[in-house]
Amino acid sequence: MSRVALVTGGSRGIGAAISAALSEAGYTVVANYAGNDEAAAKFTEETGIKTYKWSVADYDACAAGIAQIEEEVGPIDVLVNNAGITRDAPFHKMTREQWSQVIDTNLSGVFNMTHPLWPRMRERKFGRIVNISSINGQKGQFGQANYSAAKAGDLGFTKALAQEGARANITVNAICPGYIGTEMVMAVPEKVRESIIAQIPVGRLGEPSEIARAVVFLAADDAGFITGSTITANGGQYFV
Ligand code: CAA
């Protein structure tokens with residue numbers, strides 16, 4: 001029986017590429033999504049990958065979703081915490097709501113998904129958790145105090161949990177994508193986007209598939225010695 005992988009925010013953007021790549025690699029993939037029913041239906045139609053709707057910002061919904069998937073599909077071996085949002089604003093204009101929405105989804109969402117699954121993985125003595133952080137969690141970004149804080153938090157979470165999971169054969173790793181050609185990046189004003197691309201040594205935005213291949217690498221059964229690490233994939237824009 002093939003291993004089961006759950007990808008949050010897995011029907012659009014980088015998440016859709018991760019779902020597709022894991023499926024291609026032989027995993028039974030299920031994708032979570034929060035809001036866009038139309039995109040999710042289209043994604044399932046095109047890929048055959050089942051989708052489940054709930055917000056990762058809601059702990060109880062995460063716990064229920066995980067239980068339902070394990071019941072219907074099987075034990076979740078691979079969790080990819082990919083769901084994320086932006087609410088960009090310079091700090092002097094940032095509202096508490098913009099702060100909370102981003103922290104609730106991009107940081108607490110990772111807790112909410114991992115916490116209910118953790119005892120199950122510990123019991124089964126196997127797990128692969130891949131957290132999709134961001135270049136902006138590493139370097140900070142003007143207009144993203146909320147997002148940068150959440151994504152940096154994801155890296156600390158990854159390193160702490162890697163130590164706790166090690167003895168149960170659960171690896172916890174992070175990937176920091178740079179600017180990838182998704183709707184999220186296309187929402188940045190064109191002028192700002194052009195100035196960002198000018199800072200990327202490879203001279204272009206990344207492709208979602210260029211992040212997905214790193215997930216497949218970390219999810220593998222024989223990646224058990226790689227834990228607590230951060231893979232940077234940003235076209236040379238920033239070195240840690
Ligand atoms: N450094 C310094 N100054 C900057 C700046 C920067 N990077 N970006 C903007 N500014 C300045 C502008 O020059 C302008 O200055 P003046 O007032 O002197 O003209 C000022 O900031 C703009 O201020 P405004 O009050 O007009 O700002 P705004 O309300 O229009 O919002 C912004 C500005 C929301 C920050 C906008 O610039 C923006 O969207 N920036 C992009 C942020 C970004 O990179 N987001 C990434 C999204 S993709 C993603 O998150 C995926 C991932 O993981 C990589």
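Bear in mind the structure is a predicted one, so any value in this text is a computation, not a measurement. When a ligand or atom number is given, it counts from 1 through the structure's own listing order.
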For [atom], is the nearest protein heavy atom closer than 4.0 Å?
atom	value
atom 12 (C) of ligand 1	no
atom 42 (C) of ligand 1	yes
atom 6 (C) of ligand 1	yes
atom 29 (O) of ligand 1	yes
atom 23 (O) of ligand 1	no
atom 18 (O) of ligand 1	no

Counting non-hydrogen protein atoms only, what is the nearest one to [atom]? Give residue, atom name and distance.
atom	answer
atom 27 (O) of ligand 1	Pro90 CG, 3.6 Å
atom 37 (O) of ligand 1	Val192 CG2, 3.9 Å
atom 35 (C) of ligand 1	Gly143 CA, 3.6 Å
atom 48 (S) of ligand 1	Val185 CG2, 3.7 Å
atom 38 (C) of ligand 1	Pro189 CD, 4.2 Å
atom 1 (N) of ligand 1	Phe142 CD1, 3.4 Å
atom 46 (C) of ligand 1	Gln144 NE2, 3.4 Å
atom 44 (O) of ligand 1	Tyr179 OH, 2.8 Å

Quiz item: Would one find more than 12 heavy atoms of other residues, nucleotides or ligands at under 6.0 Å from atom CZ of Arg213?
Solution: no
Quiz item: Hey, is OH on Tyr59 packed in by over 12 heavy atoms from elsewhere, all under 6.0 Å?
Solution: yes
Determine yes or no for a side-chain-to-main-chain donor-acceptor pair under 3.5 angstrom, with [X] supplying the side chain and [Y] the backbone.
X	Y	answer
Asn82	Gly9	yes
Glu194	Lys191	no
Asn106	Tyr147	no

Quiz item: Using a heavy-atom cut-off of under 4.0 Å, does the side chain or the backbone of Ile196 touch ligand 1, or both, or neither?
Solution: side chain
Any atoms of ligand 1 less than 4.0 Å from a non-hydrogen atom of [X]? List them with their elements.
X	value
Asp88	42 (C), 43 (C), 45 (N), 46 (C), 47 (C)
Asn136	54 (C)
Ser134	52 (C), 53 (O), 54 (C)
Thr86	50 (O)
Met184	49 (C), 51 (C)

Exercise. Please lay out, stage by stage, how Asn131 and Thr158 fare under the test side chain to side chain donor-acceptor pair (under 3.5 Å).
Key: CA-CA 7 Å; Asn131 297 321; Thr158 298; 2.9 Å; yes
Quiz item: So, is the end of the Arg3 side chain (NZ or CZ) under 6.0 Å from the ring centre of Phe126 and within 45° of the ring's axis?
Solution: yes
Quiz item: Would you say the side chain of Cys176 lies within less than 4.5 Å of the side chain of Ile132, judging by non-hydrogen atoms?
Solution: no
Quiz item: Should Val102 and Thr86 count as side-chain neighbours, where that means a heavy-atom distance under 4.5 Å?
Solution: no
Quiz item: Would you say ligand 1 has an N or O under 3.5 Å from any N or O of Tyr147?
Solution: yes
Quiz item: Is there at least one pair of N or O atoms, one from Lys93 and one from ligand 1, spaced under 3.5 Å apart?
Solution: yes
Quiz item: Applying the 4.5 Å side-chain criterion to the ILVMFWY set and letting contacts propagate, would Val216 and Ile76 be lumped into a single cluster?
Solution: no
Quiz item: Ion pair present between Glu38 and Lys42, side-chain N to carboxylate O less than 4.0 angstrom?
Solution: no
Exercise. Using a strict cut-off of less than 4.0 Å between a Lys/Arg side-chain nitrogen and an Asp/Glu carboxylate oxygen, indicate whether Arg128 and Asp77 qualify as a salt bridge.
Key: no
Exercise. Determine, stepwise, if the pair Ser148 / Asn136 fulfils side chain to side chain donor-acceptor pair (under 3.5 Å).
Key: CA-CA 5 Å; Ser148 299; Asn136 292 342; 5.6 Å; no
